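So the structure is just underneath, and the comments pick up after that.
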Amino acid sequence: MSRLWNFSAGPAALPQAVLERAQRELLDWQGCGASVMELSHRGKLFMSLAQQAETDLRELLAIPENYAVLFLQGGATQHFAQIPMNLATEGASADYIVTGHWGEKAASEAAPYVKVNVAASSKAEHYLRLPPRDTWQLDPRAAYVHYVSNETIHGVEFHDVPNVGEVPLVADMSSDILSRPIDVTRFGLIYAGAQKNIGPSGLVVMIVRRDLLERPARPMARIFRYADHAANDSMLNTPNTWGWYLAGLTFQWLKEQGGLKAVGERNAAKAGLLYDAIDGSGGYYRSPVEPSARSLMNIPFTLHDSALDADFLKESESAGLLALKGHKALGGMRASIYNAVPLEAVQALVSFMGDFAKRHG
Ligand SMILES: *Cc1c(COP(=O)(O)O)cnc(C)c1O
C-alpha cells in the first residue's frame, strides 16, 4: 500500500491518523460488537458520539450557547436553496457578494426563493481579486448577506470577516472552515460541506444563531426547516452516521494538533512555502490571484507555457503527488492544501516544481 501526497480539491485528503483509527475500529466500535455504521442513531452509544462531536466542535471554534450546531445532509449546494427558504420571508430580498464560482452558484440556487441582490461582484476581474468593501451596495433591509469565505476554484479567500452592520452574515465556509480561528459571533449562519476540511462527503455542518431559527418561515416540509432539525438534535430523520463519526474523529485530531491557532499557523506556513516557490520561480510558475486575496487552502498556478501542463501532471503523479490538475475555469494547476495535508507534502511539491523547471528549462 502506498498513499500519495493528495492535493485534491474535494473530496479531499483526510488526516491519516483519523483513517487509521477508523480502520482499527471499523468492525467492532468501542467493543460493542458492531461497526459504528451498523448502529441505531437513536441508541445510547451513537447519541454520545454525536454529542461529543458537537462538544469538540464548540470547543474548537468557541461557539457560544446562543448558536445551534447542526449535522445535515444535501451538500452545500442544497443549502444554497434551503438558506433562503429558512431565513427569508416571501417577497424579501438578500444581498449576495459574488467572488467566484460558488458565490455565483449560491445566488442562482437562491433565486427561486428570495430576491437576489448582487451587492458586489468581482466577475469583471475574472474573480481573481475581492471587491473592495467600500464598493458593496448593501441593503439594510436585506434578510441576510451571503458570501463565500474561500472560493475553492478561483483560490481567493477573505482574510477578515467583512463588516455588514446589523444584517445577519451568512458564510459558505466549505473549503476553509477550521483552517484557523474565527469569531463565530460575527456570523448569523456558517455552513460547510464536510468533504474539504472536515470528513467525507454527504455531511454538512451548520452553525446558526438561534434567533434566526425563529424567523417566520414560508410553508415547507419539516425536513427543510432548520428549526425542526435543531429541535431534534439533527435527528429528524436518519443522519449520515458514518460522516458524523469521521467528523468527530477529525475534531479530536484538531484538538490534538493544538487547536485552531496552531493549525492556522501551520496552514500559513504551508501556503507561504508554496507561494514563495511560485513567486520566486522567475516567471516559470505564476499565481493568477491578487496577492492580498490569495487563499491559504486552494492555490491555483500556471506554468509559463501551457504546452508543459500534461508533462507536469504525468511527472508529478509519478513523483507521488496526486490531483494537481487545475479546474477548467482557470486551467493550469491547483494545489489544495487543507488541514490534513502536511507540510511534508508541500515540501515535496515545491521540490518537484524546482526539479521540473530545471529539467524542462
Ligand atoms: C465544494 C464546494 C461547494 C459544493 O459542495 P457540494 O457538497 O458538492 O454541494 C460549495 N461551496 C464551496 C465553497 C465548495 O468548496
Side-chain angles (χ1 to χ4, degrees), residues 6-14 70-86 94 96-113 116 121-123 127-128 130 144-159 161-162 169-180 182 187 189-207 224 226 234 239-240 242-244 246-247 250 267 271 289 293-300 323 325-330 334-341:
N6 184 356
F7 298 94
S8 172
L14 287 165
L70 306 179
F71 290 82
L72 305 172
Q73 303 181 56
T77 305
Q78 182 175 310
H79 297 277
F80 290 162
Q82 223 172 312
I83 285 166
M85 288 168 72
N86 279 271
Y96 278 74
I97 311 304
V98 180
T99 57
H101 172 89
W102 293 113
E104 249 184 42
K105 223 29 202 304
S108 69
E109 293 297 300
Y113 306 101
V116 169
S121 167
S122 48
K123 188 171 188 154
Y127 297 129
L128 297 174
L130 294 170
Y144 57 87
V145 181
H146 182 281
Y147 82 119
V148 179
S149 55
N150 181 65
E151 282 283 357
T152 319
I153 291 173
H154 291 86
V156 294
E157 184 173 18
F158 282 84
H159 296 291
V161 180
L169 183 60
V170 173
D172 174 0
M173 282 195 195
S174 293
S175 53
D176 69 347
I177 193 167
L178 297 170
S179 67
R180 57 183 170 183
I182 49 161
F187 297 89
L189 186 154
I190 292 167
Y191 66 112
Q195 70 270 26
K196 285 30 181 280
N197 225 357
I198 296 178
S201 59
L203 176 74
V204 170
V205 172
M206 183 174 286
I207 302 163
F224 295 125
Y226 296 145
S234 306
N240 175 351
W242 176 243
W244 201 327
L246 284 173
T250 300
N267 284 331
V289 179
R294 286 175 172 179
S295 170
L296 301 190
M297 294 283 102
N298 310 97
I299 303 186
K325 189 172 169 41
H327 190 276
K328 60 184 186 305
L330 293 183
R334 172 176 48 168
S336 296
I337 52 172
Y338 301 117
N339 289 344
V341 178

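Counting starts at 1 for both ligands and their atoms, in listed order. Here the structure is a predicted model, which is why all the values come from computation and not from measurement. The figures here come from the full heavy-atom set of this structure, side chains too, leaving out hydrogens, waters and symmetry mates.
- Not counting sequence neighbours, the partners of Q82 by the side-chain contact (heavy atoms from CB on, under 4.5 Å) test are Q78, H79, M85, N86, F224, Y226.
- Taking Y127 as the reference, H154 meet the ring pair (Phe, Tyr, Trp, His ring centres under 6.0 Å) condition, with sequence neighbours excluded.
- By the ring pair (Phe, Tyr, Trp, His ring centres under 6.0 Å) test, F7 pairs with no residue at all, sequence neighbours left out.
- Of the inter-residue distances, the one linking D176 atom CG with M173 atom CE reads 6.5 Å to the nearest 0.5 angstrom.
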Exercise. Hey, mind stepping through Y338 and N298 against side-chain hydrogen bond (donor to acceptor under 3.5 Å, both in side chains) and telling me if it holds?
Worked result: CA-CA 8 Å; Y338 301 117; N298 310 97; 2.9 Å; yes
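- In this structure, N267 and I337 have side chains that are not in contact, with every pair of non-hydrogen atoms separated by 4.5 Å or more.
- Taking a heavy-atom cut-off of under 4.0 Å, ligand 1 is surrounded by G75, A76, T77, F80, W102, V148, N150, T152, D172, S174, S175, Q195, K196.
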